[in-house]
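Worksheet: one structure, shown below.
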Amino acid sequence: MGTSLCTVGNDSKLAVLFTTFPKTSESFLQREVDAMIECGLEPALYSLWGGGGEFKGRRVSTFNKWRLVPLLLLIIPWNCIRRPRIVRDLFAGAFSRRAPSWLNFWENMLGAGFAGVAYRSEFRDASPRFIHAPWAGAPATAAWLLWRVLGVPYSVGVHAYDLYEHGGDWWLLEKIAHARFVRTSTLMARDELVKRGVAAEKIHCIRRGMAALPALKPLRSWRTPLRIACVARLVEKKGLRRQLAIYAALKEAGVAFTARIAGGGPLREALVISARAHRVEDCVEFLGEIPHGEVWTLLEWADVLIHTGVVSASGDRDGLPNVIPEAMAAGTLVVSSPTAATTEAVHDGETGLVAPVDDPSTWVRALNRLAADDALAERLQAGARSWVEENYDSHKNVGRLVALCRAEMS
């Protein structure tokens, strides 16, 4: 780790637009900004919703929503006269098809509002040479409209949520069509975009990463009771109801274990009730949302990290949750469902174990093996660490992203 592909220089003409930055649950974006700065970039940071303040001594500009009032009263009417084609296209796009959800509708309206207000002050005067939008929702909408108004080229990051939640972002393909390049962090997302007609050469699969690897911890010589960790938002796609059924099956099979689930979300109360119904409340602890530093403490404690991801009723699913490579790096063994892109890192029998989430008995066998079979556990530890070293170096990975941005700014 630490080998960088960055060419040191000083570029101050890159603007990066976030939905919310910095955000505790999106520490991977903070690591990427860190790596950009190490590569010599001085990105201007914008947070469209929440966040703001400072990050590592650098100002994060927060969008004041009160600025939308003159947008509605003055700027849109004025642009109906000055830029009728852009306004016409926007209204045509808005009314020709339904947004996939109200949330996605308002995400896109936020991005459009930000662009409508900020193009004169922040962007026309600052004259950035390139804009990067790590999310395909509000940030990409803002970048797309700033390109239409000012001609500033941009790139878009596409996540599983942008592709699958209720069929994907409202204006996703329009935004991608004019982006200079598209960044995904999984092969799954890249392949899905190709299926939807995006040119393969435009898409770059650049994984997330860690700035430095933790020390590889030794296996506990006696893994009974088995210590199990889960780090996940308490939402449907994490499959936590099924996870509680797995814990019940473990208890019924006489496997001694202690489980800790870290994360907040709307399903917390229902999951606590479900844990009681499964009679595992004495074995399962809900920690709530914890700072990222405490995630490492949890991984140090755990023998196994489990991920029970599923496809939610809305179509949403995980890509490759960052905690999986983090656990692999630390030496915490991983068992995952095969849903979405997790198997890009968790190769069954090589870097971890894979089990179908609807078959608790398979999970019981897998966890029993990890508790008892030292040779298997050591082999999986070594394979997992090797995968992370090869694929999850943030310096190397962000160096690729920086090189793409610099090529567009030159």
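Counting from 1, the numbers follow the sequence of the chain as shown.
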Could you give the distance from NE2 (His204) to OG (Ser155), rounded to the nearest 0.5 Å? 9.5 Å

Side chains of His132 and Glu32: any donor to acceptor distance under 3.5 Å? no

Main-chain N/O of Arg369 paired with Asp373 side-chain donor or acceptor, under 3.5 Å: no

Distance, nearest 0.5 Å, that separates OH of Tyr46 from OG of Ser61: 5.5 Å

Without swapping roles, check the side chain of Arg207 against the backbone of Ser185 for a donor-acceptor pair under 3.5 Å. yes

Taking all non-hydrogen atoms of both residues into account, name the closest pair between Ser394 and Gly209 and its distance. CB-C, 3.6 Å

For residues Asp393 and Asn397, is any side-chain donor paired with an opposing acceptor at under 3.5 Å? no

Looking at side-chain heavy atoms only, is the closest gap between Val152 and Phe123 below 4.5 Å? no

Results of side chain to side chain contact (heavy atoms under 4.5 Å, CB included) for Leu271 - residues two or more places apart only: Leu234, Leu240, Arg241, Leu244, Leu267, Phe286

Sidechain-backbone polar pair: Tyr154 side chain, Lys175 backbone, donor-acceptor under 3.5 Å: yes

Is it true that atom CH2 of Trp49 has more than 12 heavy atoms of other residues, nucleotides or ligands lying nearer than 6.0 Å? no

Please work out which of the three classes, parallel, tilted or perpendicular, describes the rings of His178 and Trp147, given edges at 30° and 60°. parallel

Arg208 vs Leu29 side-chain heavy atoms within contact, under 4.5 Å: yes

Taking atom CH2 of Trp301 and atom CD1 of Ile228, what is their separation to the nearest 0.5 Å? 8.0 Å

Crowding at CZ, Arg233 (>12 non-hydrogen neighbours, <6.0 Å): no

Among Val354, Leu320, Thr351, Asp348, find the one that has a side-chain contact (heavy atoms from CB on, under 4.5 Å) with Thr343. Val354

Separation between CG of Leu380 and OG1 of Thr332, rounded to the nearest 0.5 Å: 12.5 Å

Looking at Phe18 and Pro139, what are the two nearest heavy atoms and their distance? C-CG, 3.6 Å

Any side-chain heavy-atom pair from Leu48 and Thr19 closer than 4.5 angstrom? no

Can you find a heavy atom in the side chain of Glu326 that is under 4.5 Å from one in the side chain of Trp296? yes

Quick one: does Trp170's side chain get under 4.5 Å of Met109's, heavy atoms only? yes

Taking C-beta and beyond as the side chain, do Arg379 and Leu376 meet within less than 4.5 Å on heavy atoms? yes

Nearest 0.5 angstrom please: Leu370 CG to Ile306 CD1, how far? 11.0 Å

So, do Cys230 and Gln243 sit near enough that their side-chain heavy atoms are less than 4.5 Å apart? yes

Side-chain donor or acceptor of Asp316 paired with backbone N/O of Tyr164 under 3.5 Å: no

Does Arg196, at its CZ atom, have more than 12 non-hydrogen atoms belonging to other residues, nucleotides or ligands within less than 6.0 Å? yes

Return yes when atom CZ of Arg227 has more than 12 non-hydrogen atoms of other residues, nucleotides or ligands closer than 6.0 Å, and no otherwise. yes

Quickly, which of Lys13, Arg58, Lys56 forms a salt bridge (Lys or Arg N to Asp or Glu O under 4.0 Å) with Glu42? Name it, please. Arg58

So, taking the atom named CG in Leu172 and the one named CG in Leu163, what distance separates them when rounded to the nearest 0.5 Å? 6.0 Å

Answer yes or no: is there a side-chain heavy-atom contact under 4.5 Å between Arg223 and Asp374? yes

Return the orientation label for the Trp106 and Trp102 ring planes: parallel under 30°, perpendicular over 60°, tilted otherwise. parallel

